[in-house]
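Below is one structure, written out as C-alpha cells, with a few remarks after it.
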Amino acid sequence: MIKQRPRSRRSSFGEPLMQGLLWSSVLLITGAFMWLCSDIVRHGFRQLSWDFLTQLPRDTGRSGGIGPILVSTGLIIGVCLGVSIPLGVGTAVFLNEFSAPQRWLSQFLGISLDILAGVPSIVFGLFGNAFFCKTLGLGFSILSGGLTLACMVLPILIRSTQAGLQSVPNDYRLSAAALGVSRSAVLWQVLLPAAMPGLVVGLLLGIGRAIAETAALLFTSGYVDRMPTSLMDSGRALSVHIYDLAVNVAGGEQNAYGTALVLVLLLMMINGSVSWLGKRFQQTRILDV
Amino acid sequence: MTLISSSSTQKSGVAPAALHTEKLTMQYARKVAFRDVTLSVPAGQITALIGPSGCGKTSFLNCLNRLTELTPNTQTTGTVLLDGQNIQAMELIQLRRRVGMLFQKPNPFPLSIYRNLEFPLQEHGIGQRDRVAQIIEINLRRVGLWEEVKDRLKSPALALSGGQQQRLCLARTLALNPEVLLMDEPCSALDPISSEVVEALIDRLRGDYTVLVVTHNLAQARRIADRVALFWMEDTVGKLIESGSGQELFESPQHPLTQAYISGKRG
Amino acid sequence: MTTLLKRSILSRSYGDRFVAALFQGFAIASGAIVLLIILFLLRESYPILHRVGVLRFFRDPSWHPTSGEFGAMPMLWGSLLVTLGSVLIATPLGILSAIFCQYYAPPRLAPLYRRLIELLAGIPSVVYGLWGLVVLVPLVRRIQPPGTSLLTGIWVLALMILPTIMLVADASLANVPAAYLRGAAALGLSRWAIVRGVAIPTAQAGLMTGILLAIGRAIGETMAVLMVCGNVVQVPDSLFDPVRTLTANIALEMAYAMNEHRSALFVSGLILTGLIAILVTIGEWVNRGQMYD
Amino acid sequence: MKSSVSLTHALKVTIAIASLSFGLMACGNSGNSSNATPAATKKLVLTGSSTIAPLASELAKRYESQHADVRIDVQSGGSSRGIVDARQGSADIGMVSRSLKPDEKDLQSFTIAQDGVAIILNKTNGIADLSNEQIVGIYTKKITNWKEVGGKDAPITVVNKAEGRSTLELFASYFKLETKEIKADSVIGENEQAIKLVAGNPDAIAYVSIGTAEYEANQSAAIKLLPMRGIEASTANILNGQFPLSRPLNLVTKTTPMGLSKEFIDFAQSKANDDIVKAQYFVPFVR
C-alpha cells in the first residue's frame, strides 16, 4: 500500500504530460501524412484523364499516357496470383488440415516461411534474375516478374489462410468426422468458406505488396514501356514507371505523380472490391447453397 | 411437398446393432483415461453412462467410433465389437456412418439448415434431389423441428437457438440411418425446456436405435435408461464399477460406490 | 483447443488422398523456394567468394568492384544507420499512436485515425520515394547540400515503417484482456498508470514483434532509400552526408554489373539475407518468451 | 522405421523440387517456342549501353514499321552487358558505347554514331569554363566550393556514375583518374538521372553523354554544357573530330552478322536514318 502512493502521485503528474505527448504525436503524424497525400493528389489529379490511362507513353514518359504500363502491371499481377493462390492455399491447407505440427516438414515449412516473409524484395529480384531470367531462360519478361512476385507474396498468403483456418472451430471437424464425411468434402464445403476472411486478407495484402513492388521487378520484368504482346515480353510495371519518371526523366515529375495517384487509387479499389467479394462469397456459401 | 404420414416418421430399414467392449483401455501420452472396460450395450435399448466428471466416460464414448484417433498420442487396446464385428477392421467412414454421435455442445456446420443435412447425405452417396429432400423432411419431423423451420430452410443453422441446434444435429445424425447413437451429455448445454424436449426425443428413439448416453443427470438416467453403467475414478484411472438394468442399479446397487453415488453422498 | 491429429481424419477415398498428395506437393514446393533462393544466392556469389574470400568484403576500405575492392562495410553501416534512425523515430510515434487509438482517442476519432494509418501502410515505397525526392530533398538541400542524405532517408523510412509499428501495436493492445484493465481501474489507478503498468507490459511481446517487423522492412527497403540517400559509398560523418545502403547498392549496379561485379552484388544480397535471418531468430526468441510467460 | 519414414520424405522432397523446376522450365521453353512460332514473327534482341538504347529504340521502331513481322526488343544495361550478352548469345546484338578493348577483339563491331562526354552544370551556375585541373580537383574533393573556381560561395555537389558504367570509365581515363580517387556527393545510374539532378540542383556538377545532354537541354532541362579545353561541347565539334572526349557508339555481334541482324545493322548505318541519329543528338556515322 505504501509503495503505491508515490506511484499514483507520479502518474497524476504524468497524465496531462502524456495527453500532450499523445495528441502532439498524433497531430505530427497526421500532418506529415496529409502533406504526402495532398501532394500526390494535388499534382496527380491534373494528369488524370481517360487519355492518360489509355495512351502510349510518349517522349520517354514525359507526355502521353500509361496504357501499356497498366496492361503490363495487370499481366504481372495475374501471373503472380495465378501461381501463388493455388500454391499458397494448398500449402496452408496442408499445414493446417493434413499435417501434424510435430512433423519435420511442417516445422521446416514454418521456419522457411518466416525467413521468406522477411527476405527483402531486392533479394527476390536477385533470385528472380538468376533463376527465372537466366537459369530457366525466361529472360526479362512479364512471366519472370510475375513468378518472382509469386514467391514474394506466398508467405503472406499462406500465413493469412492458416490464420483463417485456425479460426474455424474444431467442432466442425469433429462433427464432420463423426458423420463420416470425407476430409476434402469438409474442406470445400465448410473449412475454406469459413476461412474465407483470412484468405481474403491474405489476398489483399498479397496484391497490395505485389502491385506496389518495384525492386523485385527492376531486373525481372524489365523496363520496356511498349504494349506487351505475350507473357514473354518485357513489361514495365506502374511502380517501375514511377521510379523511372522520378529519377531518369527531367520534367517527368508531373506524370510520375499522375501514375502514383493511379497506383494508389488502384490499390484502394482492389482492397475495397476484394473484401466485398470475399464477404459476398462467404455469405452465399453459408446461406444459399 | 407432400405431407408425410406420421407412420413414415418411424424408422425403417437397418436394425439396431449391439455393441460390446472387451477389456477396452485407452491412454493419452501420459495418462490412462480408463482401463479394462468390458461392457455390453444391448441392441435397441438406451444405456446411460453415469459417474463423476473426469472418469473417462467421454473418452470411452469416443473410442466407440474411433474418434480418439484424432487426438495425437492416444493408444487404445482391447476390442470393440459392433454387431459382433471388430471396429478396428472396419472402414472408418462406414463405421462412423453406422455409429452416429451427438456432442455436448450443439455443433451444426456454418451452412444453411437444409445444407447441414444435405451435405453429409451427398457425401454418403445419396444425391437424388427428391430423395434427399424426403429424407431431410422425415428427419426434421422426427426431431420436431420441421414445423419450426420449414419456411426458413435456407437460413443459417447458427441462427437457431441452442435447443433447436441440438435437435438439428440429431436430425443430421439420424438422416444417415445409423445403428448406434452415441450421445455425450446431449442436454447439459441446453436450457431446462430445450433439455426436456431433447430428452423426450431420446426416449422415443428406444427400440429403433442402440443408444449410449453419457449423463451427469441421475434423474434423467433414471427416467430414460434401460440400462445403466457407473464409471469411477480409481487411482487417477477410469474404471467401470457396476452395470445393470436401470431398475437394479438404482433400487439395489451392489457396489458401495454406486450406493454412495446415487444417494448423492459422493461424486 | 486441443490439437487434432488431422491426418487421421483422412478417409481412404480417392478424393482425400489425391487432395492430400496435391497439397503436400504444393507445400513442398513452397518450402523449396527458400532453399532455391539461398542456393542461387550462394551459386551466384560463389565465384567471387571463392576467389577473394569473405573477409575482403568486410576488410577492404571501399567498394570499387571493377577495380578489385569489395568493401561492403560502409554500405552495411549505411543500412544500419538508416534503419536505426528511422526506427528510433517511428517506434515512439507508432506506439504512442496505438495507445492513443486504444485508450485516449474520442470514440469517433480512433477508427478514423486507424483508417488513415492503414491507408498509409498501403502506399507503395516508390511513391514515398517520389515524394521524398521531389519535396524533402530540396528542403534538406536548403539547410545543407546536397540534400540527398542520411537524414532524408531516415525521414522517409520513418514515415514508411510507422504504420507497421502502429498497426501491430494497436492489435496487440486490443488483445489485452479487458479484465486486467478493469482490475487496474478498480484500484483507482490513473489512465496513464493503467497503460504503463498493465497494458504495455501485457502487450510487450506484440510491441516487440511490431518493432522487429519494422526493422526488417527498413533494412530491406530499396526504392525509397535509393531515391533519396545519394548512394555514395561512405560511412557518413553527419546526418547530411549521403550514404548507400546494401539494397540500394544492388538496385543501382545490378543492371550494369558483369561477372565478378555481379557476383559481388549477390554477396550484398547474402549479407542482407543474413541480417534478416538474425532478425527472424530474435523474433522467434521474443515469441517463445511470450509463450512461456 | 523412423529413419525410413524420413527417407521417403527426403525422396519426396527431392522429387517435388525436381518436378517444380522441370515444370517451370517446361513453362519457359513452351513460352519461348510459342513466342517464336505465331505468325512467323522474327525477334531481335539488343542489350547494352544505356547511351545507345534510346537511339536503338527509335531505329527499331522505324525498322518495325517497315517490317511488320519483326519485333525488336531493346534492353539497356551498360556497355559491358552488351559485350557479355553478345558473347554468350543471350542477345543478338550488343550495344557498346566505346571502342572495343584489346581483349574484346573476338567480337565484331559496327559504329552507328559518334558521341562525346561533356561536363554539365545547372543553367543558373555562373561558371562558364573549367580547366581539366579544376575538374580533377572538384572530382577528387580538393576543390569543394564554387568560389574556389571563381563562382559564388556555395558547396559543390559532385555527381558521379555508379561502378560499371562506360561513361565513368571514359571520364576517368580521360582525366587520368582511378575510379576510387573520385569522391562524390551523389552516385547515379543513368545519364538522364545526372541531368535531372543537375537541373534540379544549382550547385551540382556531372558528366554525361553529349547526345543525351543536348537532347534534354532542348527539352528545356535547366542545364548547360561546359566546353572542354576551350572547345564547345556540341555534336558539331564531335563531327569534325575536335572535341577531345568523344567515343564511337557501336553495335557488336559475336560472328559476322547474318539475316535479320545484318539487315538491322545495315539499316542502322544507312544514311536514310541519319535523321533519327540527329534527333537523338548524336553524330551520324561517317561513311
Side-chain angles (χ1 to χ4, degrees), chain C residues 21-22 24-33 35-36 39 60-71 133-134 137-138 141-142 144-149 226-234 240-244 248-262 264-265, chain D residues 9 12-21 23-24 47-50 75-85 87-88 144-145 154-169 172 178-190 193 196-197 200-204:
Chain C
L22 184 72
Q24 176 155 13
F26 282 170
I28 289 168
S30 306
I33 289 173
L35 295 182
L36 267 182
L39 185 79
D60 278 4
S62 192
W63 173 262
H64 292 287
T66 46
S67 31
E69 278 192 28
F70 301 102
L133 189 65
V134 177
V137 168
R141 185 162 60 227
R142 250 185 258 165
Q144 187 174 333
T148 47
S149 60
L226 174 67
M227 291 162 88
V228 303
C229 281
N231 301 319
V232 178
V233 184
Q234 61 178 11
F240 294 98
D241 281 352
V243 291
R244 188 189 293 186
N249 185 41
I250 300 173
L252 191 66
E253 297 191 352
M254 181 66 182
Y256 291 74
M258 285 296 129
N259 307 328
E260 284 200 340
H261 185 185
R262 178 181 152 93
L265 291 179
Chain D
H9 274 296
K12 276 183 199 165
V13 172
T14 327
I15 291 169
I17 292 173
S19 57
L20 173 78
S21 340
L24 285 169
T47 67
S49 161
S50 63
Q75 293 278 354
S76 80
S79 296
S80 8
R81 156 148 297 157
I83 297 280
V84 172
D85 284 357
R87 220 177 237 159
Q88 290 177 345
T144 57
N145 196 303
I156 303 173
T157 300
V158 179
V159 180
N160 191 24
K161 287 206 150 193
E163 287 272 312
R165 307 298 210 268
S166 65
T167 326
L168 166 63
E169 287 169 25
E178 290 271 336
T179 52
K180 53 181 124 172
E181 290 176 87
I182 297 175
K183 308 254 185 307
D185 296 309
S186 194
V187 177
I188 48 89
E190 321 278 331
Q193 195 180 351
K196 179 158 189 178
L197 220 157
N201 183 344
D203 304 317

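Values reported hereafter were calculated over all heavy atoms of this structure, with side chains retained and with hydrogens, waters and symmetry mates removed. Just so it is clear, the structure is predicted and the values come from calculations on it, not from any experiment. Naming convention: chains lettered A, B, ... in sequence-line order (proteins, then strands); numbering from 1 in each chain.
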State, to 0.1 Å, how close [X] and [Y] come at their nearest heavy-atom pair, and which atoms those are.
{"X": "D:G189", "Y": "C:L252", "result": "N-CD1, 4.0 Å"}
{"X": "D:V187", "Y": "C:R244", "result": "CG1-NH2, 3.3 Å"}
{"X": "C:V232", "Y": "D:S186", "result": "CG2-N, 3.3 Å"}

| said: Run the side-chain contact (heavy atoms from CB on, under 4.5 Å) test against D:A154 and tell me which residues pass, sequence neighbours left out. | reply: D:W146, D:K152, D:D203

| message | Heavy-atom cut-off 4.5 Å, strictly under: side chain, backbone, both or neither for C:S62 against chain D? | response |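 Neither part; nothing is under 4.5 Å.
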
| said: Between C:E69 and chain D, with a heavy-atom cut-off of 4.5 Å, which part of the residue counts as in contact: side chain, backbone, both or neither? | reply: side chain

| query | So which of C:A257, C:S67, C:G31, C:P65 has the largest heavy-atom pair count under 4.5 angstrom toward chain D? | reply |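 Heavy-atom pairs under 4.5 Å are most numerous for C:P65.
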
| query | Is chain C contacted by the side chain of D:L197, its backbone, both, or neither, given a heavy-atom distance below 4.5 Å? | reply | neither

| Contact origin within D:S49 toward chain C - heavy atom pairs under 4.5 Å |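 Neither; nothing under 4.5 Å.
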
| note | OG1 (C:T148) and CD1 (D:I188) are apart, to the nearest 0.5 Å, by 11.5 Å

| said: Quick check for you: to the nearest 0.5 Å, what is the distance between C:E253 atom CD and D:R165 atom CZ? | reply: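 The CD atom of C:E253 sits 7.5 Å away from the CZ atom of D:R165.
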
| task | Identify which one of D:K180, D:E181, D:E178, D:E163 satisfies the side chain to side chain donor-acceptor pair (under 3.5 Å) criterion when paired with C:H64. | result |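 For C:H64, the side chain to side chain donor-acceptor pair (under 3.5 Å) test succeeds with only one of D:K180, D:E181, D:E178, D:E163, which is D:E163.
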
